[in-house]
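Contents: one structure, followed by commentary.
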Amino acid sequence: MKEFLTKLLDGVSEKEVASSDKEILRNLLNLNAVSHHKDRYYLNNGFVCGKLDISTNGTGFLAPYDKRFKQDIIIENKNLNASHYGDIVLAKLLPLKKKRQSAKVVITLKLANETSVVYTKQIGSVILGVNVKTALSSPLKASQKSLKMLPPGTLLKIGNLNNEIVEVIGNINDPLSDEKISLAVFNKNDEFNEECEAEAIAWGDEVDPTMYPQRADLRDLPFCTIDPVDAKDFDDAIYFDEKKREIYVAIADVSEYVTPYSPIDAEAKTRGFSIYFPHKAVPMLPRNLSENICSLKPNTARLAFCFKITIDENDEVIKEELLEAIIISQRRFNYDEVDQILRGELEDEAGWIKPLFALTSRLRKKRLKNAFDFRTQELRMSLDEGGGLASTRFETDTDSHRLVEDCMLLANVAAAKRIGKGVFRNHGSPDLRKIQILLEDLGAWALTSFMREISQIWFVKSKRRPMP
């Protein structure tokens, strides 16, 4: 949509208008925001399209797609026309009274979200809905009598087009509502429809190897999974043949169970990814797939894509094979257990974990000669039986994490070599304003460090108290 709206500035021929943009074009024509001249459509003077930001005080700021505007356009709260944060809108410029250009929203062209989450709050004599993301208050499409019957702080999901109440979620003062808020804010759903569930259940719980004679039978190889202790599903498994110097990286074959244009395929496209809470996962695929037949559970036959990577005595990859296979994971390890094995505190039951770590450590050292090694911390939370927060801990990258990471990188590189044409993700250009803020912060930090050093030197010479 952004590309189409930007092209309107210089003119778009009828042939260039994609089917997905035709309805938008009709709306713009009906509003007299677009003109048709010599088989091309142009955005009329006085109109501007862009993405809307809204500050906590209710003032809107439009980031225009027209590069002639050097700064955001102000849209006062009364001129927002019920549009929301992140919406793509058409705005009409207002007469320039101050140095800063202002405008009013004419129509929302694309909603950032179909729904919002608000909680009820009495302001004066009126019950309004306060948006949990933006803290902006707005009237609700319900009678004040019915709203006053609700407990204060009642959480509601409302439609962004008309402010109608879609669902009562809970109460903002109830900690157990946090999960529901998180899902509702991003319009996600924990449950799958009946069609998806029926399709997933139809695959059963077990894999019958006789049905897949064309697959490589690797069930005799001692694959193992290595995951967090609280993992709900097991996507990949590894094995290392030390004598042949062959690393096997097996990845659960979901494609066998998700056919194009099926109910599960359509739902997966809508969801896009799985969501992980401290106590549960909201998967992209029905649980009978993600946590059952597509999960590489121990001692159970499973379908997998398997990369077999051969490495020579000089630690160079000399051969990469991709196999459609059947495997059996013989052991489920968690990261802590593998770390204990690498420290010599536990026996290496698999028999190949230590030799594999020695190899991947050398590969990592070679790779990092021309790369960065990012050390991260991830906050992990544990909940009690009542759903309250019991404890928190930081999970850091350890040797076990690095072992798995290096095996996955080998598989990713092997997979990338097989792609002739594909869709690649390119990061956009960095925001120059954010870079400037970063430079200023780094400059202030450097100056503070320099002054502290000077203070220390001065203290040593004068024997006075140093700068803290």
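The figures that follow rest on heavy atoms only: side chains count, while hydrogens, waters and symmetry mates do not.
Judged as a salt bridge (Lys or Arg N to Asp or Glu O under 4.0 Å), and not counting sequence neighbours, the contacts of E324 are R215.
Counting non-hydrogen atoms of neighbouring residues, nucleotides and ligands closer than 6.0 angstrom, the NZ atom of K148 exceeds 12 such neighbours. A 6.0 Å sphere centred on CD of E405 holds more than 12 heavy atoms belonging to other residues, nucleotides or ligands. Around CD of Q377, the count of heavy atoms belonging to other residues, nucleotides or ligands within 6.0 Å exceeds 12. Counted within 6.0 Å of NZ on K280, heavy atoms from surrounding residues, nucleotides or ligands total more than 12; the atom is thus considered enclosed. Annotation: K354, atom NZ; neighbour count of heavy atoms from other residues, nucleotides and ligands within 6.0 Å is above 12. The environment of E395 atom CD is dense: over 12 non-hydrogen atoms of other residues, nucleotides or ligands sit within 6.0 angstrom. Other residues, nucleotides and ligands contribute more than 12 heavy atoms inside 6.0 Å of the CD atom of E345. The local environment of OH in Y85 is sparse, with at most 12 non-hydrogen atoms from other residues, nucleotides or ligands closer than 6.0 Å.
For the pair R271 and F192, the cation-pi criterion (under 6.0 Å, within 45° of the ring axis) is fulfilled.
For L383 against H279, the heavy-atom pair with the smallest separation is CD1-ND1, 3.5 Å. Minimum interatomic distance between K157 and A184 (heavy atoms only, all atoms of both residues): CE-CB, 3.8 Å. Contact detail for Q144 and I127: the closest heavy-atom pair is OE1-N, 2.7 Å. The two residues D235 and L296 make their nearest non-hydrogen contact at O-CD1, 3.7 Å. Nearest heavy-atom pair, W352 versus D348, reported as atom, atom and distance to 0.1 Å: N-OD2, 3.6 Å. Taking all atoms of both residues into account, the shortest heavy-atom contact from D220 to Q330 is O-NE2, 3.9 Å.
Residue R367 holds its CZ atom at 5.0 Å from CG of L409, rounded to the nearest 0.5 Å. Between the CG atom in N113 and the NE2 atom in H84 there is a gap of 9.5 Å [rounded to 0.5 Å]. Between the OG1 atom of T225 and the CG atom of N334 there is a distance of 9.5 Å, given to the nearest 0.5 Å. Annotation: the span from L183 atom CG to D178 atom CG amounts to 11.0 Å, rounded to 0.5 Å. Of the inter-residue distances, the one linking R402 atom CZ with F357 atom CZ reads 7.0 Å to the nearest 0.5 angstrom.
Listed for the S83 side chain is no donor-acceptor partner under 3.5 Å among the backbone atoms of T108. Proximity of a side-chain donor or acceptor of T6 to a complementary backbone N or O of K2 within less than 3.5 Å is detected. Under the 3.5 Å distance criterion, the side-chain polar atoms of T300 are matched with a main-chain donor or acceptor of P298. Judged purely by atom type and a 3.5 angstrom limit, S143 uses its side chain to pair as donor or acceptor with the backbone of S146. For R380 (side chain) and R393 (main-chain N/O), no donor-acceptor pair under 3.5 Å exists by modelled atom type. No side-chain donor-acceptor contact under 3.5 Å links S295 to the backbone of D233. Between the D406 side chain and the R364 main chain, no donor and acceptor come within less than 3.5 Å of each other. Remark: the backbone N or O of I158 is not paired with any side-chain donor or acceptor of S116 at under 3.5 angstrom. The closest donor-acceptor contact from the side chain of D87 to the backbone of V89 lies at 3.5 Å or more, if one exists at all. A donor-acceptor pair under 3.5 Å is formed between the side chain of R302 and the backbone N or O of I293.
Salt bridge status for R331 with E337: present, with a side-chain N to carboxylate O gap under 4.0 Å. Between D265 and K269 there is a salt bridge, since at least one side-chain N of the basic residue sits less than 4.0 Å from a carboxylate O of the acidic one. Taking 4.0 Å as the cut-off between side-chain N and carboxylate O, E320 and R418 do not count as a salt-bridged pair. Ion pairing between a basic and an acidic side chain is recognised when a charged N comes within 4.0 Å of a carboxylate O; D315 and R362 show such pairing. Ion pairing between E316 and K366 holds under the 4.0 Å rule for side-chain N and carboxylate O.
Residues K110 and I24 fail the side-chain proximity criterion, which asks for heavy atoms closer than 4.5 Å. Side chains of V254 and L289 form no contact here, defined as non-hydrogen atoms less than 4.5 Å apart.
Note: F223 and Y248 have perpendicular aromatic rings, judged against thresholds of 30 and 60 degrees for the angle between ring planes.
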